[in-house]
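Step one of this worksheet: look at the structure below.
Predicted model, so just to flag it, every value in this text is computed and none were measured. Order of the sequence lines fixes the chain letters, A, B, ..., with proteins taken first and strands second; residue numbering starts at 1 for each chain.
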Amino acid sequence: MDQKTSERISNSVKFIVLLVCGILLMMPFIWMVSVGFDRTANITMPFPPRLIPETISSFNFGIVFENGRLIQSYINSGIVTTCSVFLQVSASLLAGYAFSKGTFKYKRLLFVLVLCTLMIPMEPRLIPLYTLFNSVGLLNSFWPLILPTVINGMLIFLCKQFFDQLPGTLREAAQIDGAGEFRIFFTVYLPLAGPIAATMVILSFIWSWNDFMWPLVVLNNQDLHTVPLYLASFSLENGTSLGGLTMALATVSILPIVVLYLFLQRYIIQSIALSGVKGE
Amino acid sequence: MVKGKISLNENGVEDTVNIHDDVETIKSKKRKAALTWYIFLLPSFLGILLFMVYPIVESFRLSFFRSNGTIETFIGFSNFQLVLTSKTFWNTVWNTFFIGFFQIFLTIPLGFIFASLINSIRRGQNFFKVVYFLPNVTSIVAAAMIFQFVLHPEMGVVNYALDAIGLPTSTWFSDPSTSKWGVILLAVWHWIGFVIIICLANLQAISPEMYEAAKIDGASGLQQWLFITIPNMSGTFAFLLITGWIGSLQRFNEVYVLGGPNGSPARSIQTMGAFIYERGFTGFEFGIASAATYIMFVIILIFTFINLKVSKMQL
């Protein structure tokens, strides 16, 4: 057997192993969709499990949409995420740029302080933040979910790294023309920051969309629940009793994210890789 | 200052009065410039002060008080004593570490093997990347909801498949002795995509010249993997180990969905985060919860420090 054929065989073996494991990994999703379309799954789950339901029906999905709470939670998540992403990315771009190109006192010290925030988990901050927002009467509104996202050490760090790669000579040219620091930032550097801004938007979106513990603490009002909160409350109420309905709900809640992911997969995977590689 | 000197040379001796003015304006310009930079930092540092520094300090103060948010009494170290002697708390520490340990030491090797396989095939690399990363983009809350059914002891697919190929089945979430393994399985499934993506990015950064040199020396594919790839990935493993532990020690979302704030069945999957949530927001014992967060914070710091030492990572 020459080298080429043996290489081809090992290549095919690897491909098949990856394919089988990939299908196993996708199995929960496949089953989720299948049960969601099963008319009888709310009484007893189909057993033995089958890929194609006996009676295919959109009954469960009909209930999910009729109920309306999922749609409401989508709108809520949409509002919170949009505002958070905008706030977080803008603040991080400004700070990252200043830490990269700025000359001012205590620059190093302040940057170390930013890096320190990376080590602080949410838990020790839960109660004081809760009483803080309670004292200004903002509990059960979206403000407590949006405002604290203004600071994100990881994004500032990524942003500084990016601006560090851009030459400082761009600044000097603009400075000679008499442009102020803000004008230099907005007209010279910001237009070049597209790639890192896209990465920041993606990361920020994922974090904000999936945020759970803090929203759970501040939002008691069901009408304000975000998608993860609604899913959790539904799941805790019903446990494993309403199989078909739960799976239909899970499908509808996951689907838009999956579609978005399939469209943007290259950028999303790049962003995740960047946050890991640079984190080293 | 330098510019002032230059203007002296240019303007000659007669303009000495102007030099003072120049120096003054340059100084004030510099001060103004520095001020501008602080405006750039203003939003972030307002955030740090209000949402980081203040809560950390306030939570430290609270841990010495008995408090329900309105009435406070100073009680010294009692909260710490109560938490540190609480069997329930140490049980959550054990649960957190148990789940974290198996999640990390199953996912990193598995993810690395998958990443190596994906990296070595010629066609379909991108397809597999997309497929394997898919669980990670779905929220862990939705994933936990699905896994309740997937791992259901009577009607779940996993037990059916295990039974079909003649392997023993498990009671998963319905029994305290197996429920942690259900969480571990969910955590591995959810995290593996992240590990694969990070490993792939770093695998592709290893210089191909090393492999070529090894090939010339007659090293087999497996030998190259063992003696070039793995040593070159040690930084990546360290990164995954540290971020993995930091994430695991804060585990809350999935155990809350699967077992509620007290981690049922029988507190077998209650984590440190869930203990804090239970004490703070179902019992409104803010002092006890604050003391517990500080203990948890210290555990995370010590453990991260040990991880850094073990992996000899330079930060």
Which bit of T131(A) is near chain B, if near means a heavy-atom gap under 4.5 Å: side chain, backbone, both or neither? side chain
Looking at G102(A), S12(A), G22(A), S235(A), which has the largest count of heavy-atom pairs under 4.5 Å with chain B? G102(A)
Let me know if K105(A) has heavy atoms under 4.5 Å from chain B in its side chain, its backbone, both or neither. both
Would you say the rings of W172(B) and F147(B) are close, in the sense that their centroids are separated by under 6.0 Å? no
Let me know if L240(B) has heavy atoms under 4.5 Å from chain A in its side chain, its backbone, both or neither. neither
Is it the backbone or the side chain of F133(A) that comes under 4.5 Å from a heavy atom of chain B, or both, or neither? side chain
Classify the side-chain pair S116(B)/W225(B) by whether it contains a donor and acceptor separated by less than 3.5 Å. yes
Relative to chain B, which of I206(A), I257(A), V217(A) shows the most heavy atom pairs under 4.5 Å? V217(A)
I269(A) versus chain B, the contacting section by heavy-atom distance below 4.5 Å: both
Chain B contact via L115(A) - side chain, backbone, both or neither, heavy atoms under 4.5 Å: neither
So for L62(B), is it side chain, backbone, both, or neither that comes closer than 4.5 Å to the heavy atoms of chain A? side chain
With a distance cut-off below 6.0 Å to the six-membered ring centre and an angular limit of 45° from the axis, does R183(A) pair with F186(A) as a cation-pi contact? no
Are the ring centres of F40(B) and F185(A) closer than 6.0 Å? yes
Heavy-atom pairs under 4.5 Å with chain B are the metric here; pick the option from P121(A), S92(A), S10(A) that has the most. P121(A)
On the 0 to 90° scale, with breaks at 30° and 60°, tag the F194(B)-W191(B) ring pair as parallel, tilted or perpendicular. parallel
As a quick check of understanding, evaluate side-chain contact (heavy atoms from CB on, under 4.5 Å) for E181(A) and I184(A), giving each step before the final call. CA-CA 5 Å; E181(A) 292 300 344; I184(A) 296 176; 4.2 Å; yes
Side chain N253(B), main chain I140(B), donor-acceptor under 3.5 Å: no
Name the member of Q270(A), M213(A), M122(A), K101(A) that forms the most heavy-atom pairs with chain B at distances under 4.5 Å. M213(A)
Taking side chain as everything from C-beta outward and backbone as N, CA, C, O, which of these in T240(A) sits under 4.5 Å from a heavy atom of chain B? Side chain, backbone, both or neither. both
Heavy-atom pairs under 4.5 Å with chain B - which of P148(A), S253(A), G239(A), A232(A) has more of them than the others? P148(A)
Part of F15(A) within contact of chain B (heavy atom distance under 4.5 Å): both
So which part of L231(A) gets closer than 4.5 Å to some heavy atom of chain B, the side chain, the backbone, both or neither? both
Examine whether an atom of L147(A) lies under 4.5 Å from a heavy atom of chain B, and if so say whether it belongs to the side chain, the backbone or both; otherwise answer neither. both
Can you confirm whether or not the ring centre of F45(B) sits under 6.0 Å from the ring centre of Y38(B)? no
Chain B contact via I268(A) - which portion, at a heavy-atom distance below 4.5 Å: side chain
What distance do H190(B) atom NE2 and L134(B) atom CG have between them, rounded to the nearest 0.5 Å? 10.0 Å
With a 4.5 angstrom heavy-atom cut-off, could you sort out which part of E123(A) is near chain B: side chain, backbone, both or neither? both
Within residues 26-34 of chain A, residues adjacent to chain B where the heavy-atom gap is under 4.5 Å: M26(A), M27(A), P28(A), F29(A), W31(A), M32(A)
Scored by heavy-atom pairs under 4.5 Å with chain B, the best of T246(A), L216(A), L236(A) is L216(A)
Determine whether the aromatic ring centres of F281(B) and Y130(A) lie less than 6.0 Å apart. yes
Whatever's closer than 4.5 Å to a heavy atom in chain B on I156(A) counts as side chain
For F252(B), is it the side chain, the backbone, both, or neither that has a heavy atom closer than 4.5 Å to a heavy atom of chain A? side chain
At a 4.5 Å cut-off on heavy atoms, which part of C116(A) comes close to chain B: side chain, backbone, both, or neither? neither
Whatever's closer than 4.5 Å to a heavy atom in chain A on R61(B) counts as neither
